[in-house]
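First the structure, in the form of structure tokens, and then the observations on it.
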Amino acid sequence: MNHYDHNKIEKKWQKVWESTDLYKTKQGNGKKSYVLDMFPYPSGDGLHVGHPKGYIATDVYSRLKKMQGYNILHPMGWDAFGLPAENYAIKNKIHPAVAVKKNIKRFKSQLQKIGFNYDWSREVNTTDPGYYKWTQWIFLQMYKAGLAFQSHEPINWCPSCQTGLANEDLEDGKCERCGSVVEKRPIPQWVLRITKYADRLLSGLDTLNWPEYIKESQRNWIGRSEGVNLKFRVKGMDLSLAMYNSVPQTYTAQTFIIIAPEHPLVKELVRGTPNEKEVLEFVEHIKRKKAKEGFNHVNEMEGIFTGRYLEYPAANRELPIWVASYALVDYGTGIVSCSAHDDRDFAFAKKYGIPLHPVLFPADPARAEKVRNLDVCYREPNGVLTEPAEFKGRRWDEVREDIIEHLVSKGWGERVVNYRLRDWVFSRQRYWGEPIPLIHCPKCGVVPVPEKDLPVKLPNVKSYAPAGTGESPLASIPSFVNTKCPKCKGPAKRETNTMPQWAGSCWYYLRYTDPKNRKRFTSQRAEKYWQPVDMYVGGAEHATRHLIYARFWHKFLFDIGAVSTEEPFQRLQNVGLILASDGRKMSKRFGNVVNPDDIVKQFGADSLRVYEMFMGPFNQAIAWNSDSLVGSRRFLERVFRLKLKVESKTKNSGAELTSDNLQLKSLLHQTIKKVGTDIDEFRFNTAISALMILLNALEKNEGVPLETFKILIKLVSPFAPHLSEELWNHLGYKKSIHLELWPAYDEKIAVSAPVTIVVQVNGKIRGSFTTERGGLQEELQKRALSLPEVKKWLEGVSVSKVIVVPDRLVNIVVL
RNA sequence: GCCCGGGUGGCGGAACUGGUAUACGCGCAACACUUAAAAUGUUGUCUUGGAAACGAGAUGUGGGUUCGAUUCCCACCCCGGGCACCA
């Protein structure tokens with residue numbers, strides 16, 4: 001068979017692999033590599049060619065690891081709860097459970113055509129009761145540990161999706177899913193205390209081999225801020241206010257106080273004062289404005305004086321207390337002391353004629369004058385303080401710690417850490433999610449569902465559209481709601497909210513280690529062996545959601561002894577998007593979607609795989625280009641055809657590259673080295689380019705020794721598993737190539753090829769010569785100076801210096 | 001505004017710790033094979049001067065360090081991403 005018939009080859013081997021359980025996970029005692037994809041949400045549209053890019057990468061990587069002698073765990077599953085699935089179901093008038101089943105079937109068949117080495121016996125599905133039993137179990141452990149609590153604070157409400165949302169689900173104040181403007185609504189919510197883990201989520205990042213910008217995103221999201229809570233009395237009241245300040249250096253500059261309109265102390269401050277009515281009206285006015293779209297609290301800052309003053313002995317003055325639109329009720333204490341050295345405070349003070357008192361000045365006198373005249377707001381690290389006396393003349397950035405100490409010792413403040421991170425609003429008023437396993441008993445209060453009664457199954461109902469009442473559709477199902485209190489056995493009602501989309505993905509990587517276990521969360525042996533995930537691959541859009549949530553759950557599970565590692569994902573690689581050829585996102589809406597099924601059929605799965613890995617740097621977004629795809633196809637055809645040039649042992653006694661072929665032999669060893677390290681570092685494009693270079697050289701050679709050919713197809717096998725299996729089989733091997741060992745290289749041979757020494761005169765290339773590696777400097781210099789093409793540049797000038805870089809170049813410096 | 005990335009041929013992109021810029025692939029052109037086309041193969045393909053030999057100039061812009069800079073430093077422009085009322 002001399003024609004590369006990809007359809008025949010690929011179907012054949014996929015069948016064989018399946019029937020021989022080739023990719024079944026082997027848990028032994030040897031070294032392991034857990035290679036994980038972010039599992040997909042099985043949408044109704046099926047896969048487009050962008051989806052498999054990350055899966056191809058993990059497939060290539062895990063195949064390499066396998067050949068390097070690791071036991072690998074490379075599983076796949078479905079993240080099928082949540083809004084997208086439910087909205088799709090409502091739109092298409094098909095029950096989400098049915099839609100999910102159908103979509104999974106389609107996804108799976110699409111994936112299987114690409115020839116992945118997934119161990120499908122470990123497949124998980126977050127909507128399977130046997131799975132979400134343990135999602136609920138983890139929630140209960142959190143509840144028992146005091147990490148899940150009910151909140152009555154107003155939360156983000158999406159009027160279109162008709163559910164509450166977490167901070168992470170917002171994009172620019174809009175619902176990340178549907179783009180509707182989010183309102184604040186006072187709906188009782190279950191909230192997870194992720195903020196308790198803020199510090200560990202931050203410090204744990206340092207131990208992870210993740211792309212720096214993902215770690216940076218998480219740091220930004222957590223937003224740790226160290227500062228001081230200043231605490232002083234309100235004049236004429238038996239009341240102290242605490243104000244968070246992260247730049248305490250300017251404490252003597254403070255001239256007024258602002259409090260958030262929603263702050264509960266506002267009422268108390270103005271009670272019985274002449275300003276009371278006016279201030280309370282203002283508060284309502286701001287609340288209304290904030291509920292509206294596009295209200296910018298800074299550009300449209302508004303405020304009102306409460307009539308109260310704070311005693312401020314730290315600067316021997318009294319500070320007027322204002323209610324200000326730009327004060328945040330849920331950051332710090334909701335009360336802020338303000339100075340001339342903050343842009344917002346500065347603008348607010350100017351607007352309302354509040355006095356300012358700068359204490360920090362630039363070195364340049366002209367600029368300092370402007371600061372003194374309150375023409376500009378100034379705050380730079382190298383500014384110099386004029387107050388307080390103890391710190392006069394010192395640089396602002398150097399004096400911070402000393403000032404904090406000073407404030408603490410005076411009893412004016414205490415050290416505080418604040419975070420931008422908010423607790424995780426965890427309940428959704430929607431049908432398609434894990435029921436929260438709690439029971440409300442009129443006598444006993446909130447009672448957890450006993451573990452033996454898990455899972456609390458999602459009832460199968462006809463009507464699952466959101467109720468629009470702020471309650472979950474489950475609330476209207478009496479048979480679900482009405483139950484007995486596990487404690488007192490009296491009549492009670494079930495919690496009807498469901499968990500958010502992100503719940504199931506917080507721990508699925510643990511389930512893969514022991515997917516069939518119905519009795520226990522995980523088997524400890526499996527968990528200890530496989531954890532942590534060694535290589536995790538997925539899109540960067542999960543930087544501040546899934547990847548924070550999962551780390552949070554994992555750290556909790558670690559604390560209760562359910563897992564053995566502090567962090568779940570040791571190494572992370574981000575997959576860059578594949579855009580459509582028009583440069584836009586691939587979407588049914590734009591009609592620019594390319595279906596992998598078509599590519600597989602026309603060019604073959606191996607061509608698709610090689611192309612997607614060769615397109616460009618893995619983590620970079622890149623446009624699909626069907627014209628370029630043929631290059632990958634040609635490469636595989638040439639590998640296929642190379643078998644015609646292979647010299648068998650009988651024909652040629654050598655079967656290996658001889659010393660006549662030193663150049664080629666050296667290239668072979670260089671390629672083995674490069675392909676291995678490039679795959680390991682997710683530089684697939686250069687790995688393939690190295691394979692192409694080797695192939696070019698082998699084609700030019702008179703014949704190809706059998707051993708060399710074997711090495712070539714082993715190197716190609718992670719990228720093109722079907723083609724290499726076919727060629728391997730063709731050589732007479734019955735055992736799969738994917739169970740072979742990765743070829744070894746000899747560093748000495750890899751560097752044995754002659755090197756080209758470039759000769760420069762004043763940095764310009766004037767000639768070159770080849771020589772053995774490791775030539776002596778004097779010899780290289782001598783030879784360089786004797787080259788005729790170099791000599792002519794040396795006439796009539798004097799050589800002042802010669803720089804010799806061993807194995808690379810000689811640069812002759814002339815005057 | 002702050003914090004990360006990144007700007008290299010017609011296109012996707014290579015280039016180790018500062019050492020031959022444009023590897024590899026696509027496209028394009030010519031040639032070979034063919035009755036012809038496709039496929040395949042060979043050669044060429046940054047710009048510019050030159051018949052050629054051989055020069056000159058190019059890695060967003062402008063400076064600097066260096067024998068030598070895509071790589072290091074400074075300033076600026078542009079693109080992508082994260083955060084943005086977080087005091």
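Heavy atoms only: backbone and side chains are in, while hydrogens, waters and symmetry mates are out. Here is how names work: the chains are called A, B, and so on, in the same order as the sequence lines, proteins then strands, and each is numbered from 1.
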Identity of whatever pairs with G19(B) - Watson-Crick or G-U, under 3.5 angstrom: C67(B)
Length of the CD-P vector between Glu226(A) and C86(B), whole Å: 18 Å
Side chain Arg422(A) and base C86(B) donor-acceptor under 3.5 Å: yes
Of Leu694(A), Val610(A), Ile688(A), Leu691(A), the residue whose pairing with Val716(A) passes side chain to side chain contact (heavy atoms under 4.5 Å, CB included): Leu691(A)
Whole-angstrom distance between U34(B) and A38(B), as gauged at atom P: 15 Å
Pairwise P distance, A15(B) and G25(B) [rounded to whole Å]: 16 Å
Gln760(A), nearest nucleotide to its side chain (from A87(B), A23(B), G19(B)): G19(B)
side-chain N/O Tyr331(A) vs A87(B) OP1/OP2, d < 4.0 Å: yes
Touch class at under 4.0 angstrom, heavy-atom based, for Val813(A) against every strand present: sugar-phosphate
Sugar-phosphate, base or nothing in reach of Ala324(A), heavy atoms under 4.0 Å: nothing
Side-chain N,O (Ser632(A)) to OP1/OP2 (G25(B)) below 4.0 Å: no
Length of the CG-P vector between Leu547(A) and G82(B), whole Å: 14 Å
Sugar-phosphate, base or nothing in reach of Lys792(A), heavy atoms under 4.0 Å: sugar-phosphate
Whole-angstrom distance between G13(B) and G7(B), as gauged at atom P: 10 Å
Sugar-phosphate only, base, or nothing, as touched by Phe614(A) at under 4.0 Å among non-hydrogen atoms: base
Distance flag, aromatic centroids of Phe348(A) and Phe346(A), threshold under 6.0 Å: no
Atom pair distance, as rounded to whole Å: CG in Leu809(A) and P in G18(B): 15 Å
Partner nucleotide of G44(B) by Watson-Crick or wobble geometry (both distances under 3.5 Å): C28(B)
Lys764(A) vs G57(B): side-chain N/O to OP1/OP2 distance below 4.0 Å: yes
Of the listed nucleotides C26(B), C24(B), G82(B), the one nearest the side chain of Asn696(A): C24(B)
Sugar-phosphate, base or nothing in reach of Val802(A), heavy atoms under 4.0 Å: nothing
Among C26(B), C85(B), A23(B), the one nearest Ser628(A) by side-chain distance: C26(B)
Separation of the C1' atoms in U71(B) and U59(B), to the nearest angstrom: 10 Å
Between G50(B) and C67(B) - C1' atom distance, rounded Å: 30 Å
Syn/anti state for G12(B) [syn: chi within 90° of 0]: anti
Flag if over 12 foreign heavy atoms under 6.0 Å of NZ, Lys585(A): no
Base C16(B) to side chain Arg808(A), donor-acceptor N/O within 3.5 Å cut-off: yes
Trp793(A) side-chain N/O to G55(B) phosphate OP1/OP2 under 4.0 Å: yes
Atom pair distance, as rounded to whole Å: NZ in Lys53(A) and C1' in G12(B): 12 Å
Residue closer to the 5' end of RNA chain B, Tyr244(A) versus Asn685(A) (nearest nucleotide): Asn685(A)
N/O (side chain, Gln620(A)) to phosphate O (OP1/OP2, G13(B)) under 4.0 Å: yes
Euclidean distance for C1', A14(B) against U70(B) (whole angstrom): 11 Å
N/O donor-acceptor pair, side chain Asn811(A) with base C67(B), under 3.5 angstrom: yes
Partner nucleotide of C54(B) by Watson-Crick or wobble geometry (both distances under 3.5 Å): G49(B)
Gln218(A) CD - C3(B) C1' separation (whole Å): 15 Å
Contact under 4.0 Å: Arg634(A) side-chain N or O vs C26(B) OP1/OP2: yes
Closest listed nucleotide, where the reference is the side chain of Ile622(A) and the choices are A14(B), A23(B), G12(B): G12(B)
Heavy-atom closest contact (Val813(A) atom, Asn762(A) atom, distance): CA-OD1, 3.3 Å
Crowding at NZ, Lys782(A) (>12 non-hydrogen neighbours, <6.0 Å): no
Proximity to the side chain of Arg641(A) - top-ranked nucleotide from C67(B), C85(B), G41(B): G41(B)
Phosphate OP1/OP2 of A87(B) contacted by Ser246(A) side-chain N/O (<4.0 Å): yes
Glu168(A) side chain near Trp502(A) side chain, heavy-atom distance below 4.5 Å: no
Sugar-phosphate only, base, or nothing, as touched by Ser768(A) at under 4.0 Å among non-hydrogen atoms: nothing
Pairing of Arg638(A) and Glu699(A) as salt bridge, 4.0 angstrom limit: yes
Sugar-phosphate only, base, or nothing, as touched by Pro211(A) at under 4.0 Å among non-hydrogen atoms: nothing
Flag if over 12 foreign heavy atoms under 6.0 Å of CD, Gln781(A): yes
Check: Met243(A) and Leu310(A) side chains under 4.5 Å, non-hydrogen atoms: yes
Closest non-hydrogen atom pair, Val408(A) against Glu414(A): CG2-CA, 4.2 Å
Gap between atoms CD and C1', on Glu747(A) and C16(B) respectively (whole Å): 12 Å
Counterpart base for G5(B), defined by Watson-Crick or G-U wobble contacts under 3.5 Å: C79(B)
Short side-chain N/O contact from Arg638(A) to OP1 or OP2 of U40(B), under 4.0 Å: no
Same-atom distance (P) from G68(B) to A51(B), integer angstrom: 34 Å
Nearest-angstrom distance from the residue atom CD of Glu176(A) to P of G82(B): 11 Å
Residue Leu328(A), side-chain heavy atoms: nucleotide from A87(B), C83(B), C26(B) that is nearest: A87(B)
Distance between P atoms of G10(B) and C78(B) (Å, rounded): 23 Å
Under-4.0 Å side-chain N/O to phosphate OP1/OP2 contact, Asn625(A) with G25(B): no
Length of the CD1-C1' vector between Ile765(A) and G57(B), whole Å: 14 Å
Contact nearer the 5' end of RNA chain B, comparing Glu699(A) with Glu216(A): Glu216(A)
